[in-house]
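Here is how names work: the chains are called A, B, and so on, in the same order as the sequence lines, proteins then strands, and each is numbered from 1.
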2 protein chains.
Amino acid sequence: MQKNFWTEETISTLLRKHGLRVTAPRIAICKQLLAQHCHYSAQQLHEELAPLHPTMSPNTVYLTLNQLAAIGLIRSFNIDGNTIFDSNTATHDHAHCRNCNTLVDLPSNSEMPPVNMGEWALEWGTRLWSGLCPDCKQSANTTSAS
Amino acid sequence: MQKNFWTEETISTLLRKHGLRVTAPRIAICKQLLAQHCHYSAQQLHEELAPLHPTMSPNTVYLTLNQLAAIGLIRSFNIDGNTIFDSNTATHDHAHCRNCNTLVDLPSNSEMPPVNMGEWALEWGTRLWSGLCPDCKQSANTTSAS
DNA sequence: CTTTAATTAGTAATAATTACTAATTACTTG
DNA sequence: CAAGTAATTAGTAATTATTACTAATTAAAG
């Protein structure tokens, strides 16, 4: 995806293609999400948009994100009970720090599961690696070594 | 793990080894979980134990499961906002039917992430494949072909 | 410009999980 | 074996992310 691909125009076209109306909240949400590859919870996204769109309700953000996920424009997965939306729809894995909650993409070494699952119609998958990020790992070492 | 390995005695030993007291609820929970490789939400497990242990509170089940996960005796991950506890601690993946909620183990084709993540201290990971199980796939085909 | 159905904002409801507390109980020590 | 005590439990209340509902608004078609 080349830089600046997600202009207001390309987003509008895409929304209409999927039968969704072009509204200010949707444009704002798509811009924020698609402009960069990033991870958002609905709440985080709502907080970031609040200054620019003070009347936008959390409800709208939740609904819109689920719609975007339904049409495959973004992906969603779950960490510790929180739904995370990911604008990177390519197959890839994630590393999550159980201490500071940092979440980063991993280059995928994924392959589809073996053929004995051929009867399933698998659509998407992500692996979530859980552990400690470099910073928290170091803190843990320092603390325990005291 | 050989059959019938998880007797009341082996469970007691293991709990004490980790500094946990041996109580009736813990024995019951461990027996149910470890006796077979299976997936449980806290609620499901509480429901299954209720007939035999009518006074056991949901709270106890939640707490105990988190303790068992903390000492690495079981694993936990999250599907659609529900925490699932897994007594199979070997690295493996899962397939989840987004329609009927069926969850099955997949033989793992997982490897640890590439070396550029070497600074992370990754502890565990599971990939969750989302899609349709054979039954729901067939239903979908039948319906749409009408 | 009108019409109409989709969308929105706001509020209320839901449901899984955690927090809190008094009573109980497993384990330790004498 | 008999306390003592600290962990554990059951029950209830609180929390929090998410969804449901509804009246008002608005995008898009005619």
Please give, in whole Å, the distance from [N] [atom2] to [X] [atom1]?
{"X": "E47(A)", "N": "dT16(D)", "atom1": "CD", "atom2": "C1'", "answer": "13 Å"}
{"X": "Q43(B)", "N": "dT17(C)", "atom1": "CD", "atom2": "P", "answer": "6 Å"}
{"X": "H46(B)", "N": "dA10(D)", "atom1": "NE2", "atom2": "P", "answer": "8 Å"}
{"X": "H18(B)", "N": "dT8(D)", "atom1": "NE2", "atom2": "P", "answer": "14 Å"}
{"X": "I84(B)", "N": "dT17(C)", "atom1": "CD1", "atom2": "P", "answer": "8 Å"}
{"X": "L68(A)", "N": "dT7(C)", "atom1": "CG", "atom2": "P", "answer": "11 Å"}
{"X": "I29(B)", "N": "dT9(D)", "atom1": "CD1", "atom2": "C1'", "answer": "11 Å"}
{"X": "M56(B)", "N": "dT8(D)", "atom1": "CE", "atom2": "P", "answer": "15 Å"}

Taking only the side-chain nitrogens and oxygens of [X], find out if one of them lies under 4.0 Å from OP1 or OP2 of [N].
{"X": "T60(B)", "N": "dT9(D)", "result": "no"}
{"X": "Y62(B)", "N": "dT18(C)", "result": "no"}
{"X": "N66(A)", "N": "dT19(D)", "result": "yes"}
{"X": "T83(B)", "N": "dT17(C)", "result": "yes"}
{"X": "R16(B)", "N": "dC27(C)", "result": "yes"}
{"X": "T23(B)", "N": "dT9(D)", "result": "yes"}
{"X": "R26(B)", "N": "dT8(D)", "result": "yes"}

Would you kindly compare N82(B) and Q67(A) by the position of their nearest DNA chain C nucleotide and give the one closer to the 5′ end?
Q67(A)
Main-chain N/O of [Y] paired to [X] side chain as donor or acceptor, under 3.5 Å:
{"X": "R26(B)", "Y": "R21(B)", "result": "yes"}
{"X": "S87(B)", "Y": "L33(B)", "result": "yes"}
{"X": "K31(B)", "Y": "W6(B)", "result": "no"}
{"X": "H46(A)", "Y": "M56(A)", "result": "yes"}

Check the side chains of T60(A) and S57(A) for a donor-acceptor pair under 3.5 angstrom, ignoring hydrogens and angles.
yes
Picking from [options], which would you name as closest to the side chain of [X]?
{"X": "N59(B)", "options": "dA5(C), dT8(D), dA10(D)", "result": "dA10(D)"}
{"X": "V22(A)", "options": "dT8(C), dA28(D), dT18(D)", "result": "dA28(D)"}
{"X": "R21(A)", "options": "dA5(C), dA26(C), dA16(C)", "result": "dA5(C)"}

Classify P25(B) by what it touches in the nucleic acid, base, sugar-phosphate, or nothing, heavy-atom distance under 4.0 Å.
sugar-phosphate
